[in-house]
Amino acid sequence: MLRILKASFFYMLLDSCLVKLTESVQKSAIVRTLGRVFAQIRRWAKDSAIVQFCTWIADGIGSSVRNSAILARFLKEDEVGRFRERGVIYRGYLAVLGFLRQIYHAQRLDKLFGSSLLLKPWIWASLAMIALPLLPTMAVLGLVILSMLSLIATLCHDRERNLTYTAVNKYVWFYALAYGLATIVSVTPRESLDVGLITVCFVLFFQVLLSSIETKRQVRGILYLLAGVGAVVSVYGFYQFIFSTTAGGAWLDRGMFDFGVRVYSTFGNPNVLGEYFLLIIPLIFGALLITKSRPGRLYFFGTAVLMCICLVLTYSRGSYLGIAIAAAVFLVLLDRRFILPGILFAALLFLALPATIIDRFLSIGDLGDTSTSFRVFIWMGTLAMLRDYWFSGIGPGEAAWAMVYPAYAFSAIVTPHSHNLFLQITSDAGAPGLLVFLGVLYQYFKATFAAIRRKIQGEQRILVIASIASVVGFLVQSMTDYTFYNYRLMLFFWAVLALGLIAVRYDKLKEGGEGP
């Protein structure tokens, strides 16, 4: 189509006109005069003592930063993404691990746990991932702690094994540290303690999952399990919709919408359920594309359809927008030729969907909807609060929020959080916490897009693209909701980040081995 357009008379005429117009502008007296003026200004600036002094200062600061002993010891990594041996953190890590290994072997624990399930951290990590939509938070926390202990025992048992390291890791550790410090300096340290500890454990699960998966079979096994659990969550959502549970209508503005119920399944809130689907649906479609067997394709296709239908029944506008953008990212990264068919499909889908869903989607940004207007007022109140607490934050947890936020609230709106992930992180852990979290996202997208630019192919490319789409869709929803409010969902986010980085090095994983 593009070749036909370029060969058309209209295209050649337009191109000729633009070329002549450009030549005329370049030859005009005004442009030549302006060019001489700017050239003179550049010469004056170059010779200016002020500019030379500022340049000298900037060069000095840049050189100091580049040669900083602190950065060299704490943050630098070599060309293959591992710690430098002279790094203080790496030396400390080796010292602690060596001490633990001595104790482990001195107590003959290597004989006791030689063939134990304790030395299979991928099992415990997989159990934590598939249990998070089904079990209470504390039960999931127990599985996360078991997976951590299993990884530590494995590192002690196998002297050749080490933690998997990527450029994202240090930002994840600093993010956990930021929340730990924010808990200590919270306006309510005792009430923030539980929230802070759960957050730190769930964030560090990223490292556990990243270091536990060693084979491609284990990756594919986790995707099979996630698809099955997602289908169970969806079926329970259908049950709520069919039998019209009364709680499902609690999140509707009846003045604007009058339809059934919003399903929430095992998460207690339809928006949280939608956020869960935002993370899992792109992964399942990725698994569908890499599966070679017909039964496997039917399995992933069926579970993906169930989850998509249940997502629609959440009536979550942010999730609608998030899944649409995630799908666009997935298809464009997969093949740019999907752009035009994707636009046409979106137009047809818009015409085919029921009026209730279209009205719900189009109400995004309508201040006549109470949920939208409430969010705007909450954001205004949060920004007012952050003028006083922007650096240290107020500490994690609803107790800290309830102590400080009401003094800044607009229209006396009572809320447990800010309804925006980035504002809430700043409220909890201050500007340092937000900056480190942005560093996590930057390094994650840098690593995944760098893998795509390396022209990776096959299963690896699809899995990387699916992980990018998952995180993008989730972050879109995070602009209008505090998507870490549900701890289990927060855990799933860090697990998806780990899966994305596992996909980046997917070609280096062993093919066989054990798997779920």
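Computed from a predicted model, the values in this text were never measured in an experiment.
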Q.
Using 30° and 60° as the class boundaries, would you call the ring planes of Tyr389 and Tyr408 parallel, tilted or perpendicular?
A. perpendicular
Q: Any pair with a residue in residues 218-231 that passes salt bridge (charged side-chain N to carboxylate O under 4.0 Å, His left out), sequence neighbours left out, goes on the list, sorted by first then second residue, please.
A: Arg220-Glu459, Arg220-Glu511
Q.
Between Phe474 and Leu489, is there a side-chain heavy-atom distance shorter than 4.5 Å?
A. yes
Q: Going by the side chain to side chain donor-acceptor pair (under 3.5 Å) test, name the single residue among Gln424, Glu398, His419 that passes it with Tyr485.
A: Glu398
Q. For the residue pair Tyr104 and His157, does the interplanar ring angle fall in the parallel (under 30°), tilted (30 to 60°) or perpendicular (over 60°) class?
A. perpendicular
Q: State, with a plain yes or no, whether a side-chain heavy atom of Ile425 is found less than 4.5 Å away from one of Tyr179.
A: yes
Q) Are any side-chain N or O atoms of Trp379 and backbone N or O atoms of Ser418, one a donor and one an acceptor, separated by less than 3.5 Å? A) yes
Q) In terms of side-chain geometry, is the basic nitrogen of Lys508 or Glu214 positioned less than 4.0 Å from the acidic oxygen of its partner? A) no
Q. Under the salt bridge (Lys or Arg N to Asp or Glu O under 4.0 Å) test, which residues partner Arg454, sequence neighbours left out?
A. none
Q: Indicate the ring-plane relationship of Phe449 and Phe445, choosing parallel, tilted or perpendicular according to the 30° and 60° boundaries.
A: tilted
Q: Please check if the side chain of Asn269 supplies one atom and the backbone of Asn271 the other of a donor-acceptor pair under 3.5 Å.
A: yes
Q: Report the residues that fulfil ring-ring contact (aromatic ring centres under 6.0 Å, His included) with Tyr224, sequence neighbours left out, ordered by chain and then residue number.
A: Tyr299, Phe300
Q) Side chain of Arg375, backbone of Asn420: donor and acceptor closer than 3.5 Å? A) no
Q.
Would the distance check show the side chain of Thr215 and the main-chain N or O of Gln218 forming a donor-acceptor pair, the cut-off being under 3.5 Å?
A. yes
Q. Would a distance-only check, ignoring hydrogens and angles, find a side-chain to backbone donor-acceptor pair under 3.5 Å from Arg488 to Thr137?
A. no
Q: Can you label the angle between the Phe206 ring and the Trp494 ring as parallel, tilted or perpendicular, going by 30° and 60°?
A: perpendicular
Q. Got a donor-acceptor contact below 3.5 angstrom from the Trp401 side chain to the Pro406 backbone?
A. no
Q: Say whether, by atom type as modelled, one donor and one acceptor occur between the side chain of Thr166 and the main chain of Val168 under 3.5 angstrom.
A: yes
Q. Hey, does the side chain of Arg101 reach the backbone of Asp158 with a donor-acceptor pair shorter than 3.5 angstrom?
A. yes
Q. How are the rings of Phe484 and Phe493 set to each other: parallel, tilted or perpendicular (split at 30° and 60°)?
A. tilted
Q | N/O donor-acceptor pair under 3.5 Å between Ser150 side chain and Leu118 backbone | A | yes
**Q.** Expected output: side-chain Ser192 to main-chain Thr188 donor-acceptor under 3.5 Å
**A.** yes
